[in-house]
Each structure stands twice: as structure tokens, then as C-alpha cells.
Amino acid sequence: MGKDTIADIITYIRNADMNRKRTVKIPFTNITENTVKILFREGFVENVRKHRESDKNFLVLTLRYRRNRKRLYKNFLNLKQISTPGLRIYSNFQRIPRILGGMGIVILSTSRGIMTDREARLERIGGEVLCYIW
């Protein structure tokens with residue numbers, strides 16, 4: 001795991017999704033825990049559990065899948081990192097982008113913790129735009 005934990009989370013989940021893996025093991029930090037809770041609450045992840053292995057904590061995610069009628073695999077999660085360590089992107093609550101007209105979510109890091117775009121608009125606070133998920 002590198003210095004950019006959000007990029008690492010996105011990469012772990014995207015790689016597992018492309019390889020049709022059912023579970024993903026992500027190193028445990030407070031940022032990863034809060035981000036994964038949002039993914040679980042919004043229905044992008046089927047199950048989340050904590051796992052301890054040789055004095056290290058992990059989060060084990062069970063991913064959801066969708067298939068079309070021809071039995072071809074289609075990626076369920078589309079994730080895009082917005083704010084990077086070299087370029088932080090901030091937004092006030094009025095300018096938080098809407099993904100697919102409100103069908104996707106934006107994950108923000110605010111002064112009240114990590115939350116979705118809908119929650120930030122309701123509480124009328126802005127913050128750092130971490131990633132888009134649709």
C-alpha cells in the first residue's frame with residue numbers, strides 16, 4: 001500500500017472487479033473503513049467484514065456483480081479518482097458535481113468526516129472531492 005490510500009482502494013476494487021473476483025482484501029485504515037462503509041451503504045458492495053492476519057488488520061469486501069442475457073461479464077463498479085496528492089480538488093456544497101444526473105455518487109472528505117455528495121448537500125458543507133463512483 002502506497003501513500004495514496006484512496007487510489008489504492010480504487011485499484012484493489014477495480015482489479016478484483018475486472019478479474020471477476022468475488023472478494024477483495026484491503027488493508028485497514030480509518031479512511032478505508034469509512035469509504036468502504038459508504039460503498040456498502042450505497043449498495044456497491046455486498047458485504048464487509050474485518051479480518052486479522054499476522055498482526056495486521058484487513059477489510060474483506062464481497063463485491064456485487066451483474067450479468068446481461070448473453071452471459072457476458074460486465075463491470076459493476078466504475079470508479080474514478082479525482083483528488084490526488086499532487087492536485088487536491090475542493091468544492092463547496094453548491095458546486096459538488098452530480099454524477100449521471102444523481103445516479104452515481106461523489107465521495108467527499110469534509111470537516112465532519114467522509115461522506116457522499118447527497119449528505120454534504122443536506123448538511124450544506126463542502127470538502128475535498130475524493131472519487132466518483134457510478
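This is a predicted model, so every value here is computed, not measured.
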Considering all heavy atoms of both residues, which atom of [X] and which atom of [Y] are nearest to each other, and what is their separation?
X: T32; Y: P27; result: OG1-O, 3.3 Å
X: F93; Y: I125; result: CB-O, 3.4 Å
X: L108; Y: G127; result: CD2-O, 4.2 Å
X: F40; Y: V48; result: CB-CG2, 3.9 Å
X: A7; Y: T11; result: O-OG1, 2.7 Å
X: T84; Y: R88; result: O-CD, 3.5 Å

Look up atom [atom1] in [X] and atom [atom2] in [Y], then write down how far apart they are to the nearest 0.5 Å.
X: M115; Y: S109; atom1: CE; atom2: OG; result: 9.5 Å
X: F28; Y: K56; atom1: CZ; atom2: NZ; result: 15.0 Å
X: W134; Y: K80; atom1: CH2; atom2: NZ; result: 6.5 Å
X: I38; Y: I133; atom1: CD1; atom2: CD1; result: 8.0 Å
X: C131; Y: I105; atom1: SG; atom2: CD1; result: 7.0 Å
X: R121; Y: T116; atom1: CZ; atom2: OG1; result: 8.5 Å

Is a side-chain donor or acceptor of [X] paired with a backbone partner of [Y] at a separation under 3.5 angstrom?
X: R14; Y: N78; answer: no
X: T23; Y: L61; answer: no
X: R52; Y: F58; answer: no

Contact between [X] and [Y] at the side-chain level, heavy atoms closer than 4.5 Å - yes or no?
X: Y132; Y: P97; answer: yes
X: V24; Y: L63; answer: yes
X: I26; Y: I13; answer: yes
X: R49; Y: L59; answer: no

Chi angles and distances behind the side chain to side chain contact (heavy atoms under 4.5 Å, CB included) call for E33, K50: CA-CA 9 Å; E33 181 183 27; K50 289 184 183 178; 3.5 Å; yes
Electrostatic pair K37:E42 at N-O distance under 4.0 angstrom: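 No, this pair does not count.
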Basic-acidic side-chain contact under 4.0 Å: E119, R112: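 The answer is no: the pair does not qualify as a salt bridge.
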Test log, rule salt bridge (Lys or Arg N to Asp or Glu O under 4.0 Å), inputs D17 and R20: CA-CA 5 Å; D17 192 35; R20 301 178 191 171; over 6 Å; no
Enclosure of R98 CZ (heavy-atom neighbours >12, cutoff 6.0 Å):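 No, the 6.0 Å shell around CZ holds no more than 12 heavy atoms from other groups.
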Pair E128-I89, side chain to side chain contact (heavy atoms under 4.5 Å, CB included): steps then yes or no: CA-CA 6 Å; E128 181 182 354; I89 306 296; 5.9 Å; no
